[in-house]
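One structure is given below, encoded as structure tokens.
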Amino acid sequence: RESPDIVSLDVDLPEVDGLNALNAIKACHPEVAVVVVSVHADRTVIQQAIETGATGYLLKPFDPERVIEAVRRALAAVARKG
């Protein structure tokens, strides 16, 4: 029902795998920019998120400047598609 420009998505969700959720989001709404957030610094997880369509990947705990930059990049990606 909603049409967000950006989605912030954790890899570790209580009832569904975040990467599966990312895949479902991109399948239904390929134009949406998704910034994945996680405590996982595993290169495999990061690579899988990017290959699935994530616009960015932020590690927890957050550095406020990196969050701002990730949102700016995501908005720029939306504007290029739009």
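Starting from 1, each residue takes its place in the sequence as its number.
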May I have the step-by-step check of side-chain contact (heavy atoms from CB on, under 4.5 Å) for Gln48 and Leu22, ending in yes or no?
CA-CA 10 Å; Gln48 187 176 1; Leu22 169 61; over 6 Å; no
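- If you take CD1 on Ile50 and CZ on Arg43, they are separated by 11.5 Å, rounding to the nearest 0.5 Å.
- Not counting sequence neighbours, the partners of Asp12 by the side-chain hydrogen bond (donor to acceptor under 3.5 Å, both in side chains) test are His40.
- Val11 pairs with exactly one of Val39, Val36, Val37 by the side chain to side chain contact (heavy atoms under 4.5 Å, CB included) rule, that one being Val36.
- No continuous path of hydrophobic side-chain contacts links Tyr57 to Val78 [ILVMFWY only; heavy atoms under 4.5 Å].
- In the hydrophobic cluster analysis, where Ile, Leu, Val, Met, Phe, Trp and Tyr join through side-chain heavy atoms closer than 4.5 angstrom, Ile25 is grouped together with Ile46.
- For the residue pair Ser38 and Asp10, the shortest heavy atom distance occurs at CA-OD1, 4.1 Å.
- How far CD1 of Ile6 is from CG of Leu75: 3.5 Å, rounded to the nearest 0.5 Å.
- Counting all heavy atoms, side chain and backbone alike, Ala74 lies closest to Val35 at CB-CG2, 4.0 Å.
- Between Leu59 and Arg66, the closest side-chain pair of non-hydrogen atoms is not below 4.5 Å.
- A 4.5 Å side-chain heavy-atom check between Leu9 and Leu13 finds at least one atom pair inside the cut-off.
- With Leu19 as the partner, the side chain to side chain contact (heavy atoms under 4.5 Å, CB included) test is satisfied by one option alone out of Val16, Asn23, Asp17: Asp17.
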